[in-house]
There are 2 protein chains.
Amino acid sequence: MTIYDVAARAGVSATTVSRVLNGAKVSPESERVVRAAAAELDFIPNRTARRLRGQGSAVIGLIIPDIENPFFTALARGVENRARAAGYSVVLCNTDEDPERESTYIDIALAEHMAGVILAPADDASDVSRLVAQRRPVVAVDRSLAHADVDAVTVDNRAGGRSAAESLFAAGFTRVACITGPSSVETAQLRMAGWRQAAARHAGPDYLEDLLRYADYRVDGGRQAMAELLALPEPPDAAVVANNLMAAGALEALHDAGLAPPGFGLAVFGDLPFASFGRRGIRVVDVPARELGEAAAALLLDRIGGDTGPARTVVLRTREQK
Amino acid sequence: MTIYDVAARAGVSATTVSRVLNGAKVSPESERVVRAAAAELDFIPNRTARRLRGQGSAVIGLIIPDIENPFFTALARGVENRARAAGYSVVLCNTDEDPERESTYIDIALAEHMAGVILAPADDASDVSRLVAQRRPVVAVDRSLAHADVDAVTVDNRAGGRSAAESLFAAGFTRVACITGPSSVETAQLRMAGWRQAAARHAGPDYLEDLLRYADYRVDGGRQAMAELLALPEPPDAAVVANNLMAAGALEALHDAGLAPPGFGLAVFGDLPFASFGRRGIRVVDVPARELGEAAAALLLDRIGGDTGPARTVVLRTREQK
DNA sequence: CTGAAAGCGCTAACAC
DNA sequence: GTGTTAGCGCTTTCAG
């Protein structure tokens, strides 16, 4: 089923069919005949061939590290909204925080000639060099890339971490712990750094290291880290938790120990999904996931549109909510 | 950057390069030279061209109605596991329960020549006729298709709904309500039908309609439906809720009214994500999302592999957990 | 074991 | 306004 079949049936040339399908100028009569023939034959143009001929595909690849994390699905929603408005489709690829899978998907995006890629890097060292080498539009989102000069959209993680900790100290807590993500992940480092600044100011640096835990940005990691903290000779009375999933785990650990906010101070990065009724007393540093996605898509669409200016970094503001 | 560039650099023909890249028999020397040249040039074969030449692409399209629903992301995880093991990549498309967007993505899958499609239909009337007409492998998952003879993987929704209601009656509750999904969605109908059977047996059909609410499978819908039920002159003392998101909303409404499980009986279809500490006293009808995805992928891979037997429907068992 | 040549389905020059 | 022709990058007969 090709345009030649349609052409034969309509009694015109393949070119004319192509023109009709692409909205170029044709006589009304031709247009009518071609459309009729195409409809009768259930014809669907072959994008593969079209693309091979040189058209960029109207598909954007979005590569995320954890599809089961609502933060990233909200981000995906943002990308989708913006992309769809511009006539692009979005395909999602899940890397499971695995640099090798990430690399595979980057290759696919390249080989499939997607119009551009939005990448929430699994790791500091994510390698987008192939993308850059092929001059394919890329935008990093949520985390920026250490070794590459590409557009990025992030939030002010350090400031968020600092204000989260500050607000706990201001509320009267004195031993404010921190549960952050893997040390190879930028957001984890920055959020922790913010906490460290505030903690050093309010309590001196002496107890800091005791109350800092690196976990894995997952529910179980958060639970375990909080359990460890609570088992300390001098346990914390509050904590800053660096992402939503770990916070869910931390809440479970608290609950198991008979504790809960607001008695135990808790400040969390990112929304706590599907638990708003259990969120009372928790300070949430709202990370605007959807807006991150929208901003990243906007940036990418600019690049796809031909913008070749120097790399830009957009930093969105976090908002603290009670 | 084409195989001709690589061929030139390696001093062989494009054919030989192609052979090396596809693992055909070549002299060790040729192989070495070609690989070296490809590496130096950072060569990535163009899948578009490869596919045009006739190879099926090793990509499976997974079309889901709500990417922010953890049930579907878990399902996606299952599909991915199985597909990756077989060397296929998975791209996710989100329809937002919108038949038109679903249709667009089906067209894309078709036009992009994806190897097959797994569809969690937005609607009873989802139109897969084009897929079927083109003999492209399709598997429906979670919900089956009313008007099409295609493979499907579902769970025993009616039995699950019945046993959920039964266990609430057995626990001593007497006015067991039901909050189900849109009436155009099969799972919503069946889960409700199961509840109706049990309820009719235990309480007579008289009060049934009062205690039945159709909502939209989203958090807000669940909250609102539960609020309405609680405002009834004779409110229910328990409820079967037909999906995870609505259950989260229903819990909020209960909480606002000063109620909570286990005092108010609650049985829910699907896991309650990130809230296991708040899950005490809730009966969960476990819908094995990941297994659904795995089974669907297995079925699809069979079809891609050439299985042309009659359409099969696989029904997985739900498990009730406390 | 390797290469030359013929397309896959489409679109973009370039005639008519 | 419409058709002819020449590829896009790759794989695959078919000879050598």
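Keep in mind the model is a prediction, meaning the values are calculated, not measured.
Within 4.0 Å of A/Arg50, counting heavy atoms only, lie sugar-phosphate atoms of the nucleic acid but no base atom. The residue A/Thr48 sits apart from the nucleic acid: no heavy atom pair falls under 4.0 Å.
For the pair B/Tyr4 OH and C/dG3 P, the computed distance is 12 Å after rounding to whole Å. One can place NE2 of A/His113 at 15 Å from C1' of C/dC10, the figure rounded to the nearest angstrom. One atom, CZ of A/Arg47, and another, P of C/dT11, lie 12 Å apart when rounded to the nearest Å. Rounding to whole angstrom units, CD1 of residue B/Ile44 and P of D/dC10 are separated by 11 Å. Rounded to an integer number of Å, the gap from CD of B/Glu31 to P of C/dC1 is 12 Å. Put simply, CE on B/Met1 is 10 Å from P on D/dC10, counting in whole angstrom units. For the pair A/Leu21 CG and C/dT11 P, the computed distance is 7 Å after rounding to whole Å.
Between A/Thr15 and D/dT4 there is no side-chain N or O to OP1 or OP2 distance below 4.0 Å. Using a 4.0 Å cut-off, no side-chain N or O of A/Ser18 falls inside it from OP1 or OP2 of C/dA12. Between D/dG1 and A/Ser27, no contact under 4.0 Å exists linking OP1 or OP2 to a side-chain N or O. Note on A/Asn22: a side-chain N or O is less than 4.0 Å away from OP1 or OP2 of C/dT11.
When the options A/Leu245, A/Val287, A/Asn243 are evaluated for a side-chain contact (heavy atoms from CB on, under 4.5 Å) with A/Phe71, the one that passes is A/Val287. Exactly one of A/Asp302, A/Asp151, A/Leu119 qualifies for a side-chain contact (heavy atoms from CB on, under 4.5 Å) with A/Val139. That residue is A/Asp151.
Both A/Leu52 and B/Ser13 lie close to DNA chain C; mapped to their nearest nucleotides by heavy-atom distance, the more 5′-ward contact belongs to B/Ser13. Along DNA chain C, the nucleotide closest to B/Pro28 and the one closest to A/Ile3 are compared, and the more 5′ of them pairs with B/Pro28.
Side-chain proximity of B/Arg53 to the nucleotides C/dT2, D/dG1, D/dC10 is greatest for D/dC10.
Between the base of C/dG3 and the side chain of B/Arg19 there is a donor-acceptor pair shorter than 3.5 Å.
Note: A/Leu292 CG to A/Thr154 OG1 = 7.5 Å, rounded to the nearest 0.5 Å. Here the CZ-OG distance, from B/Arg101 to A/Ser89, works out to 9.5 Å after rounding to the nearest 0.5 Å.
A donor-acceptor pair shorter than 3.5 Å cannot be found between the side chains of A/Thr15 and A/Ser18.
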